[in-house]
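For reference, the structure discussed in these notes is given below.
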Amino acid sequence: MRHQLSRNVPQNRRLRGLRKPPLSGKMPVPFNFATAIAAALQEAASVLEMDASIFAPEVRTADPRHGDFQANGVLPYAKRTQQNPRALAEKVVSALPASISAWCKVAIAGPGFLNFTLQPEALEAWLTTYNDEASLRAGAKSAQPEANQTFVVDYSAPNTAKQMHVGHLRSAVIGEAIARMLDFSGAKVIRDNHIGDWGTGFGKLIWAYKRELDAAALESDPLEEFERLYKVGNRAADDSEAVLIEARQELVKLQSGDAENLAIWRRINEVSLAAFQKIYDQLGIQFDTTLGESFYNDKVDQVYDELTKIGLAEESQGALVVFHPEHPRFKTQPFMIRKSDGAANYASTDLATLLYRREHFDADAAIYVIDSRQSDHCQQLFLTAQKWFARTGRRLPRLEHTSFGTVLGENNKPLKTRSGENIKLRDLLQEAIERAASLVAEKSASLPPEEQQHIANVVGVGSVQYADLCQNRSSDYLFSWDKMISLEGNTAAYLLYAVARIRSIFRKLERDPLDTSASDGASALATPAEINLARKLAKFPEALAGAVGPLRPHVLCLYLFELAGEFSSFYTVEKVAVEDPAVRARRLRLCARTLLLLETGLHVLGLRTLARM
RNA sequence: GCGCCCGUAGCUCAGUUGGAUAGAGCACCUGCCUUCUAAGCUGGUGGUCGGGGGUUCGAUUCCCUCCGGGCGCGCCA
């Protein structure tokens, strides 16, 4: 289903990988070797007049024992065309464009696997060419299909009048990482915080506000007080039919523009947004727009009108709903776009929002970073939008429900406090920082206290972010302080430590990592550790593509972890600050690029990095 | 009842158009600090990929079925 909805996105032009890279004075090398190999294979297939509709190169990272990349596409092609796979493989290899042999070695293995091994000179050329963030961005922009497309990323989206709690963590962290990955790939990104600022809960809250307000509490911690009032109102309405009716009247007054209720509502939102911003500041999140549900109040009538006019929406039990007769479930499970009391709900505003994104932002894609439990809603939304846009002659953006699982506690139940309350994000981040601080005090006691505090901040918050990002987002995520902050294995601290160690080398040698003259006179890569590190470095573009395409940040995390591991091995066996200037220069270049990719990668994921720890 | 997701080493997880001997981390055992940060590195133990069937040169991956777990399904968002 998602597939059909995505079809108006331009196909990834495999040839992109062959575009000319920036001039480096060295051999020209592509940004992404894997896509360049795939393009070369398709060129060979075309020379051999193979059926392009059947042949897919299937280039992927190889087991290092077999080389850097492998292409398996010859096998299925030979099977379908009833040829000897080995013989076909030989023909394909001999038809490869000459340009490719300049930078890699090709071998045929087994029944017809093609193995590609990058030449050391190619690795060196890549390291020389992509030597700062700007050149990496330029490379990504040339190779990534997302470049120059407009993406609206819808994430975080908490409800006002409540504090952000652990349930809001994943959307914020994953959404920010995705926004940054897209931005890095050359896309135009609009970060939209679609806050819930117009729910029916406001009636109850205003009811309680007018009767139970604790002025002192409002002064000292307004959000806490709003949250208390909401609970008071909710309980009262549950207990009493009369209260419920009064609360509904407060909502009607609000919606019809009553000055007093509107003022209360504004105050609530103001306070809420300020509180959210404190969390966002800690997580490095900066939205481009915050267009909540209230913004679409006056835009839902058009949705009702159009959907009714084209016969998509119908009246049912007093409500306006959409059914999808061709769908096994949605032919009977309604998509309610207007409640029987005439009020809008999130289906109405989501439809209006999508139209706004299409028309106002000219969105090519809308990415919804929302809990997987809302997959029915998203499917119905997308299906409805697809028909609506098609019948009104509008271009449908690519629509993605970038779903994620629940944050679970150690008992495998949704994470809560001992008393069963939601854990506030504020408290969670505070605890992360405190836990990191005690570790810093133990490991880095010699550093000045204010720097220790800074390190604790970066490590603590980064650990929370990274723990969330490094796992496949679609599964539930087991929250464990010990694993997160234990600083071993695939954690933020391990990566930050590698960064700090590299920075320390440059500090000791009084060199700037971005000063490329440090690697002047470098000799050729020689030792296994050097070559392994260089090979891993040159695979960054593939990791980026693998993360951005399916919007899965953990692919990038895994790459960074492996890169840091490769660096740590290198660091242990090869001293950088050696006497021989040629050896030192080539190792310094490896360090500089490792630093560049680790820092760039972590920043793309939304983490901060450190000079010392 | 209908539907979606998940099940891989003791634990937490990678493994995505079907590919080479299924990989990491933690834990456990083993070595390595007078040399650039040991929050590190090296080696090792550990698997009926939930069970069964099917598709084929080849299945953790695709299909069927069963078991187990999570979630969703008319006026909250």
Side-chain angles (χ1 to χ4, degrees), chain A residues 56 58 60 62-63 65-66 70 72-73 75-76 79 85 109-113 115 157-159 196 198-201 293 316-321 327-330 332-341 343 345-347 349-350 370-377 379 403 405-406 408 412-414 439-440 442-444 459 467 470-472 474-478 480 482-483 485-491 493-494 496-498 500-509 546 549-550 552 554-555 557-558 561-562 564-565 567-578 584 587 591 612-613:
Chain A
E58 291 187 36
R60 65 190 69 182
D63 184 311
R65 285 169 298 201
H66 302 125
Q70 61 173 293
N72 300 336
L75 267 68
K79 183 178 172 184
F113 299 115
N115 291 333
N159 293 325
W198 200 252
T200 47
E293 290 165 341
S316 171
Q317 298 171 29
L320 193 62
V321 302
H327 193 280
R329 204 151 24 92
F330 302 142
T332 51
Q333 184 179 318
F335 187 53
M336 184 181 303
I337 63 171
R338 189 179 62 204
K339 301 193 286 184
S340 55
D341 64 3
N345 65 358
Y346 77 140
T349 51
D350 278 358
I370 304 179
D371 196 305
S372 62
R373 283 174 295 195
Q374 292 192 36
S375 66
D376 271 8
H377 169 74
Q379 274 187 51
S403 67
T406 309
L408 303 177
N412 268 327
K413 293 274 169 59
L439 222 83
V440 172
E442 177 193 325
K443 304 277 186 185
S444 311
V459 171
C470 75
Q471 186 172 328
N472 188 340
S474 54
S475 39
D476 288 345
Y477 152 49
L478 200 66
S480 161
D482 291 338
K483 290 206 170 61
I485 316 254
S486 77
L487 314 184
E488 288 172 329
N490 191 0
T491 60
Y494 179 79
L496 292 171
Y497 182 64
R501 292 216 284 191
I502 300 172
R503 288 223 167 258
S504 173
I505 293 171
F506 283 95
R507 211 160 38 236
K508 285 266 159 61
L509 294 174
R552 294 195 180 271
H554 82 280
V555 175
C557 292
L558 190 63
F561 173 59
E562 288 172 353
F567 174 77
S568 296
S569 301
F570 161 82
Y571 181 89
T572 304
V573 297
E574 312 291 7
K575 190 169 168 65
V576 177
V578 292
R584 186 168 69 184
R587 290 183 182 163
C591 288
R612 296 199 289 187
M613 68 184 279

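Every chain is numbered from 1, with letters handed out A, B, ... down the list of sequences.
The residue Val459(A) sits apart from the nucleic acid: no heavy atom pair falls under 4.0 Å. Here Leu75(A) lies in heavy-atom contact (under 4.0 Å) with a base. Heavy atoms of Arg503(A) sit nowhere under 4.0 angstrom from any nucleic acid atom. Tyr571(A) comes within 4.0 angstrom of a nucleotide base, judged by non-hydrogen atoms across all strands.
Checking U16(B), U37(B), A39(B) against the side-chain heavy atoms of Leu439(A) singles out A39(B) as nearest. The side chain of Gln471(A) lies closest to A14(B), out of U37(B), U17(B), A14(B). Among U42(B), U17(B), U12(B), the nucleotide with an atom closest to any side-chain atom of Leu478(A) is U12(B). Closest approach to the Thr200(A) side chain among U37(B), C41(B), C76(B) is made by C76(B) (side chain taken as heavy atoms from C-beta onward). In this structure, of G74(B), C76(B), C41(B), it is G74(B) that holds the atom nearest to the side chain of Ala319(A).
When every heavy atom of Met613(A) is checked against every heavy atom of Val459(A), the shortest pair comes out as CE-CG2, 4.2 Å. Listed here is the closest heavy atom pair of Tyr571(A) and Ile505(A): CE1-CD1, 3.7 Å. The minimum heavy-atom distance between Cys591(A) and Phe570(A), with the atom names listed, is SG-CE2, 4.0 Å.
Taking 3.5 Å as the limit, the base of C6(B) and the side chain of Ser475(A) contain no donor-acceptor pair of atoms between them. In this model, no side-chain donor or acceptor of Thr491(A) finds a partner on the base of A39(B) within 3.5 Å. Under 3.5 Å, the side chain of Arg552(A) and the base of U16(B) form at least one donor-acceptor pair of N or O atoms. The base of G74(B) is paired with the side chain of Ser316(A) by a donor and an acceptor separated by under 3.5 Å.
Residues Asp376(A) and Arg329(A) have side chains in contact (heavy-atom distance under 4.5 Å, counting atoms from C-beta outward). A heavy-atom distance below 4.5 Å is not found between the side chains of Lys443(A) and Tyr497(A). Contact check for Leu408(A) versus Pro414(A): side-chain heavy atoms found under the 4.5 Å cut-off.
Between A14(B) and A24(B), the two C1' atoms lie 7 Å apart (nearest whole Å). Between C71(B) and C6(B), the distance separating the two C1' atoms is 10 Å to the nearest Å. Straight-line distance between the C1' atoms of C11(B) and G72(B): roughly 29 Å, to the nearest whole Å.
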*asked:* Each nucleotide in nucleotides 20-35 of chain B should get exactly one letter: B, S or -. Can you fill that in based on protein heavy atoms under 4.0 Å?
replied: B---SSSS-------B
*Give the B/S/- string for nucleotides 67-72 of chain B, one per nucleotide from 5' to 3', where a protein heavy atom under 4.0 Å of the base yields B, of only the sugar-phosphate yields S, and otherwise -.*
---SSS
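Residue order along RNA chain B, read from the 5' end via each residue's closest nucleotide, puts Pro76(A) first among Pro76(A) and Trp198(A). The 5' end of RNA chain B is approached more closely, in terms of each residue's nearest nucleotide, by Thr332(A) than by the other of Tyr346(A) and Thr332(A).
The aromatic ring centres of Phe335(A) and Phe330(A) sit 6.0 Å or more apart.
Here the CD-CG distance, from Glu562(A) to Asn490(A), works out to 8.5 Å after rounding to the nearest 0.5 Å.
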